[in-house]
2 protein chains.
Amino acid sequence: MNTTRGDKPAFHDGGHEHQSCIEDALARADDVCRERGVRLTPLRRRVLELVWSSHRAVKAYDLLAALGDAVGAAKPPTVYRALEFLMAQGLVHRIDSLNAFVGCPQPDHRHSAQFLICGGCGDVSELNAASIDRAVADQAADSDFALSRSIIELHGRCPRCATLPPTP
Amino acid sequence: MNTTRGDKPAFHDGGHEHQSCIEDALARADDVCRERGVRLTPLRRRVLELVWSSHRAVKAYDLLAALGDAVGAAKPPTVYRALEFLMAQGLVHRIDSLNAFVGCPQPDHRHSAQFLICGGCGDVSELNAASIDRAVADQAADSDFALSRSIIELHGRCPRCATLPPTP
DNA sequence: ACGGCTCTGCTATAGTGTAACGTCCTGCCG
DNA sequence: CGGCAGGACGTTACACTATAGCAGAGCCGT
Ligand SMILES: [Zn+2]
Ligand SMILES: [Zn+2]
Ligand SMILES: [Zn+2]
Ligand SMILES: [Zn+2]
């Protein structure tokens, strides 16, 4: 695994063996679901696997297409329900600015996350930066605002894509 | 006007005379468009006025319905094109987590904004908190990420709605 | 086996956003 | 003045995103 954990490490390595990312994610998902007494059914597990097929955010209808490879093409509610479950368990996050979904590298504990989204390769990296959380909480408090959910999606260029134009 | 400017002031006052919010916003829009040599046509001005009809974020199809009051109901591209122009000029912001649009209280200068979104009354308040900008920029730099656009949307309860449940 | 629950499949429909083309209007140049 | 280029708007059609509502299948405790 090479997603950042809040201290130093950064974006995904281009040449990493991604199969292990998928296996790790599925193993963590099995664990948290067993601990919580919820059912990671084959369908839900398959959807999670597809979400993790890259480090990019995946669109619901792309999942749908990938699921329906065989004969009986899957219908929208199938994938949306699986995603709803996976989000409720913190196994995937929704990226609102992309209408897409990305796997969470740390589903075992509740956390507020920030996302770095590369406009070049599309890879998404999840941060858990206490400094951002603090700044946000302080500002909310200054406005007497009772914060319940922060959506922080940062668009730009990852180190590998730094050359190309800003974000056309 | 009573939207916060980055220092102390907070959420909108419930009993304020909102007509002046609208007039101020339209006057500012006239100014910036004249200065920039772009055309705030009657349609665009009308859409902006409708966006400012409350401090809530307004959905594109609600604008569409409000425009088409009379005979020839407006079509989607009409309002989306107007919104595209208004966003390009910084006169409105899009709230991605709501698929909706809100007027910007300070269209005269470029700024990165954060939004406080009340789950009770729906009102949206725009912040321009340097402390959040700094924390975000620092974290992006730590990851060698070239930041181009930050989306920060904070959901919760405004002071007046603080009682009700967290966000059902 | 029974009754309650969750998960899944299915149909249909709501909601959100764009492509592509044509017309009109406006400002500009010859 | 006449023609022209570009921008703004209308219109049609379509793509994409998401949910409601109902029916059948599977699981589980009693
Ligand atoms: Zn990987
Ligand atoms: Zn990249
Ligand atoms: Zn007001
Ligand atoms: Zn409120």
Side-chain angles (χ1 to χ4, degrees), chain A residues 29-30 33-34 36-51 56-89 91-102 122 151 153 168, chain B residues 29-30 33-34 36-51 56-89 91-102 122 151 153 168:
Chain A
D30 287 332
C33 288
R34 187 162 6 85
R36 294 174 194 170
V38 297
R39 297 167 50 193
L40 186 63
T41 65
L43 175 64
R44 291 164 174 175
R45 200 169 192 280
R46 174 79 180 124
V47 169
L48 181 59
E49 183 181 5
L50 289 169
V51 168
R56 296 196 300 278
V58 184
K59 306 220 133 207
Y61 275 65
D62 291 343
L63 291 172
L64 199 47
L67 278 177
D69 257 7
V71 279
K75 311 298 181 191
T78 301
V79 63
Y80 279 106
R81 280 190 293 226
L83 288 169
E84 185 181 25
F85 169 86
L86 294 171
M87 282 195 291
Q89 298 305 320
L91 294 165
V92 308
H93 297 294
R94 178 187 164 84
I95 307 294
D96 287 291
S97 56
L98 298 177
N99 291 341
F101 304 83
V102 68
I151 293 164
E153 299 175 7
Chain B
D30 287 332
C33 288
R34 188 162 5 86
R36 294 173 194 171
V38 296
R39 298 168 50 193
L40 187 61
T41 65
L43 175 63
R44 290 164 175 176
R45 201 169 191 279
R46 174 80 180 121
V47 170
L48 181 59
E49 183 182 4
L50 288 169
V51 168
R56 296 196 299 279
V58 184
K59 307 220 131 205
Y61 275 67
D62 291 343
L63 291 172
L64 199 46
L67 278 178
D69 258 7
V71 280
K75 313 296 180 192
T78 300
V79 64
Y80 279 107
R81 281 191 290 225
L83 288 169
E84 185 182 24
F85 169 86
L86 295 170
M87 281 195 291
Q89 298 305 321
L91 294 165
V92 308
H93 297 293
R94 179 186 165 84
I95 307 294
D96 287 290
S97 57
L98 298 176
N99 291 344
F101 303 84
V102 69
I151 294 165
E153 299 175 5

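Here is the naming used below: chain letters follow the sequence lines, and residue numbers restart at 1 for every chain.
Closest approach of I95(B) to A57(B), counting heavy atoms only: CG1-CB, 4.3 Å. Considering all non-hydrogen atoms of both residues, L83(B) and F101(B) come closest at CD1-CE1, 3.7 Å.
Atom CG of L43(A) and atom P of dT6(C) are 17 Å apart (whole Å). At whole-Å resolution of the value, CG in N99(B) and C1' in dT18(C) are 15 Å apart. Atom-to-atom, CD of E84(A) to P of dT8(C) comes out at 12 Å; the value is rounded to the nearest Å. For the pair L86(B) CG and dC9(D) P, the computed distance is 10 Å after rounding to whole Å. Whole-Å rounding puts the D96(B) CG to dA18(D) P distance at 12 Å. Put simply, CG on L64(A) is 14 Å from P on dT19(D), counting in whole angstrom units. The distance from atom CG of L83(A) to atom C1' of dT8(C) is 15 Å, rounded to the nearest whole Å. Across the protein-nucleic acid pair, R45(B) atom CZ and dA8(D) atom P stand 17 Å apart, rounded to whole Å.
A close approach under 4.0 Å does occur between a side-chain nitrogen or oxygen of K59(B) and OP1 or OP2 of dT16(C). At dG9(C), one or more side-chain N or O atoms of T78(A) fall inside 4.0 Å of OP1 or OP2 (strictly under the cut-off).
Side-chain contact between M87(A) and H93(A): absent, with no pair of heavy atoms (C-beta onward) separated by less than 4.5 Å. V47(A) has its side chain out of reach of V92(A): every pair of non-hydrogen atoms, C-beta onward, lies at least 4.5 Å apart.
Here dT11(D) is the nucleotide among dT8(C), dT11(D), dA8(D) with the atom lying nearest to any side-chain atom of K75(B). Candidate nucleotides dG17(C), dT8(C), dC9(D) were compared by shortest atom distance to the side chain of T41(B), and dC9(D) ranks first.
Classification of E84(B) and R81(B) as a salt-bridged pair fails, no side-chain N sitting under 4.0 Å from a carboxylate O.
By the 5.5 angstrom centroid cut-off and the 30-degree plane limit, Y80(A) is classified as not stacked against the base of dT19(D).
Projected onto DNA chain D by closest heavy-atom contact, V38(B) and L98(A) fall at different nucleotides, the more 5' of which corresponds to V38(B).
With hydrogens and angles disregarded, a donor-acceptor distance shorter than 3.5 Å links the side chain of K59(A) to the backbone of L98(A).
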Which atom pairs link the protein and nucleotides 21-29 of chain D when you take only N or O atoms and keep those under 3.5 Å?
none

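Within 6.0 Å of CZ on R56(B) lie no more than 12 heavy atoms contributed by other residues, nucleotides or ligands.
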